[in-house]
Amino acid sequence: MALERLQALRGMVDLLPQQTMVWQQVEEQARQHFQRAGVGEIRTPLLEATALFARGIGEATDVVGKEMYSFRDRGQRSCTLRPEGTASVVRAAIQHGLLGQGPQRLWYMGPMFRYERPQAGRQRQFHQIGLELLAIANERSDVEAMAMAWDLLDDLGIQGLQLQINTLGTPEDRRCYREQLVGWLEQRMDQLDPDSQQRLATNPLRILDSKNQATQDLLKEAPQLLGTLGKESRGRFERVCQLLQALDIPFVIQPQLVRGLDYYTHTAFEITSDQLGAQATVCGGGRYDGLVAMLGGPPTAGMGWAMGIERLVLLLGQQSRTTAPQVVVLNRGDAAQERALVLARQLRRANLRVELDLSGATFARQFKRADRLGGRLAVIIGEQEAQAGAVKLKWLHQAPHPGSEMSRREEWTVSDRDLCRTVERLLAGEHQAEPTPV
RNA sequence: GCGGGCGUCGCCAAGUGGUUAAGGCAGCGGCUUGUGGCGCCGCCAUUCGGGGGUUCGAAUCCCCUCGCUCGCCCCA
């Protein structure tokens with residue numbers, strides 16, 4: 001057998017320069033949004049004790065039950081690559097006593113890991129941008145958080161999104177509803193699909209977002225969570241809806257929207273796109289007032305969301321491009337090559353985007369390449385120029401003058417000393433102020 | 001974990017049992033020993049993801065295996 005091909009592990013992807021351009025744009029936009037909103041960045045380790053996620057997310061969830069990227073380290077500790085950000089952020093907040101210091105607004109960005117079969121919009125290592133508001137319990141914070149997600153997506157120019165919201169009420173509301181639902185469904189066991197039958201025992205609320213059509217039809221008759229909510233929970237939800245309206249953010253109430261994670265209370269929401277294939281969710285989040293206490297901290301309110309950067313980038317389309325150089329330095333001959341290295345550096349230090357041709361090829365080739373790169377101005381250094389302490393300048397990539405036979409355009413000689421100044425002036429558009437030929 | 005599709009040069013891609021595996025892009029060399037976007041010429045897969053089998057003969061048929069991809073479950 002031939003040499004085994006070395007390649008990235010399944011579900012792990014490389015981002016090449018063409019793609020990182022879009023990523024940088026997304027990341028920069030997020031940073032600015034959070035900065036304007038007074039949200040501080042938090043960075044936590046990628047690797048955590050498995051217990052953090054098992055306790056925080058819930059043993060019955062898929063994320064913990066079958067998707068964790070876990071292994072033992074050399075000390076035989078069970079470690080897990082974080083499958084999501086919230087548990088780590090809360091852990092850090094508790095560990096460093098942030099919760100004693102009043103409300104915390106935190107954001108994060110980075111890779112998450114879930115051991116699943118990859119498909120469109122899903123990888124084993126993927127990236128999220130997330131927001132967490134801690135120790136802020138009122139419903140205005142729910143709306144502020146959702147608005148920040150919505151506006152970020154909007155400013156990125158993503159179209160056709162839908163905000164879906166629901167409420168899960170308090171843990172008591174949920175428990176009460178669960179009993180009702182289970183009781184109702186048990187009578188109709190035979191009408192449920194096999195998956196849902198199984199969930200009846202493990203996580204009955206999630207039967208609500210079953211994709212099985214027969215089950216969905218059956219559920220139309222089932223008791224509704226909204227109907228069993230306590231007065232306070234219902235009032236809270238109505239207030240959230242009202243505030244969203246005040247901010248002109250369109251939304252739809254989605255009673256079957258049940259987040260997969262255990263710690264959610266009250267507001268749950270998702271922002272979806274119909275352009276993403278099977279993985280429609282761009283951003284998901286909600287309130288998690290129970291989580292901090294569950295992880296050993298003081299009872300503390302929490303609200304947060306996470307968006308998947310890969311999915312954002314998919315929605316932004318193939319607008320990938322690289323930034324073309326402003327100047328390309330062509331050179332041939334020993335002395336010239338050395339000058340080129342020096343001058344290219346000088347130009348870069350003057351803040352110009354400069355491509356230095358290192359091929360040693362003929363000028364003809366170097367020009368071809370310079371044009372293909374989309375460069376604007378060529379700096380040409382040959383033996384003669386190197387000797388004279390000068391370079392030649394010539395416009396690249398310009399259409400020949402119509403009606404004239406000027407397929408070869410002029411070039412000017414400039415001394416090394418004047419190079420930066422001249423190049424800057426030319427690129428600034430002062431084509432008139434051409435350097436005087438030497 | 002379970003289904004469907006696919007795997008021929010760095011990229012795109014023809015070929016579906018018969019002697020040397022099209023073509024395009026990119027790359028390299030030349031026409032033009034220092035001047036470009038075009039053009040022309042030449043070079044660029046003893047080999048078709050890997051292994052085994054059928055056959056006089058396989059990239060083409062069969063089996064196994066690996067990988068990619070889309071979907072289910074669930075989520076970002």
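To find a chain, count down the sequence lines: A is the first, B the second, and so on, and within it residues start at 1.
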Look through every strand shown and name the nucleotide pairing with [N] as Watson-Crick or G-U wobble, where both distances are under 3.5 Å.
N	value
B:A58	none
B:G37	none
B:C72	B:G1

By the 4.0 Å heavy-atom rule, please label [X] as base, sugar-phosphate, or nothing.
X	result
A:I380	base
A:E310	nothing
A:R332	sugar-phosphate
A:G121	base
A:Q123	base
A:G284	sugar-phosphate

Side chain of [X], heavy atoms from C-beta onward: which of [options] has the nearest atom to it?
X	options	answer
A:A364	B:G36, B:C28, B:G34	B:G36
A:T281	B:C68, B:C72, B:A76	B:A76
A:K368	B:G37, B:A76, B:G34	B:G37
A:F363	B:G34, B:G67, B:A26	B:G34
A:R117	B:C73, B:G36, B:G71	B:G71
A:R365	B:G37, B:C73, B:G29	B:G29
A:E385	B:A76, B:G34, B:G37	B:G34

Whole-Å distance between [N] [atom2] and [X] [atom1]?
X	N	atom1	atom2	result
A:K392	B:G36	NZ	C1'	15 Å
A:E116	B:C2	CD	C1'	14 Å
A:Q125	B:A76	CD	C1'	13 Å
A:R122	B:C70	CZ	P	11 Å
A:L373	B:G36	CG	C1'	12 Å

Considering heavy-atom distances to RNA chain B, does A:A120 or A:G11 have its closest nucleotide positioned more toward the 5' end?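 This one resolves to A:G11.
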For RNA chain B, whose closest nucleotide is more 5', that of A:L276 or that of A:A361?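 The answer here is A:A361.
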Assign the ring pair A:Y264 / A:Y288 to parallel, tilted or perpendicular, where the plane angle (0 to 90°) is split at 30° and 60°.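 Taking A:Y288 first and then A:Y264, their aromatic rings stand perpendicular (interplane angle over 60°).
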Within the stacking criterion (centroid distance below 5.5 Å, interplanar angle below 30°), does A:F367 stack on B:G37?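 Given the distance and angle limits, no, they do not stack.
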Ring centers of A:H33, A:W107 separated by less than 6.0 Å: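 So the answer is no for these two rings.
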Please determine whether a side-chain nitrogen of the Lys or Arg among [X] and [Y] lies less than 4.0 Å from a carboxylate oxygen of the Asp or Glu.
X	Y	value
A:E41	A:R43	yes
A:R105	A:E144	yes
A:R31	A:E28	yes

Please say which of A:L393, A:D357, A:L356 ends up in a side-chain contact (heavy atoms from CB on, under 4.5 Å) with A:V379.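 Only one of A:L393, A:D357, A:L356 forms a side-chain contact (heavy atoms from CB on, under 4.5 Å) with A:V379, namely A:L393.
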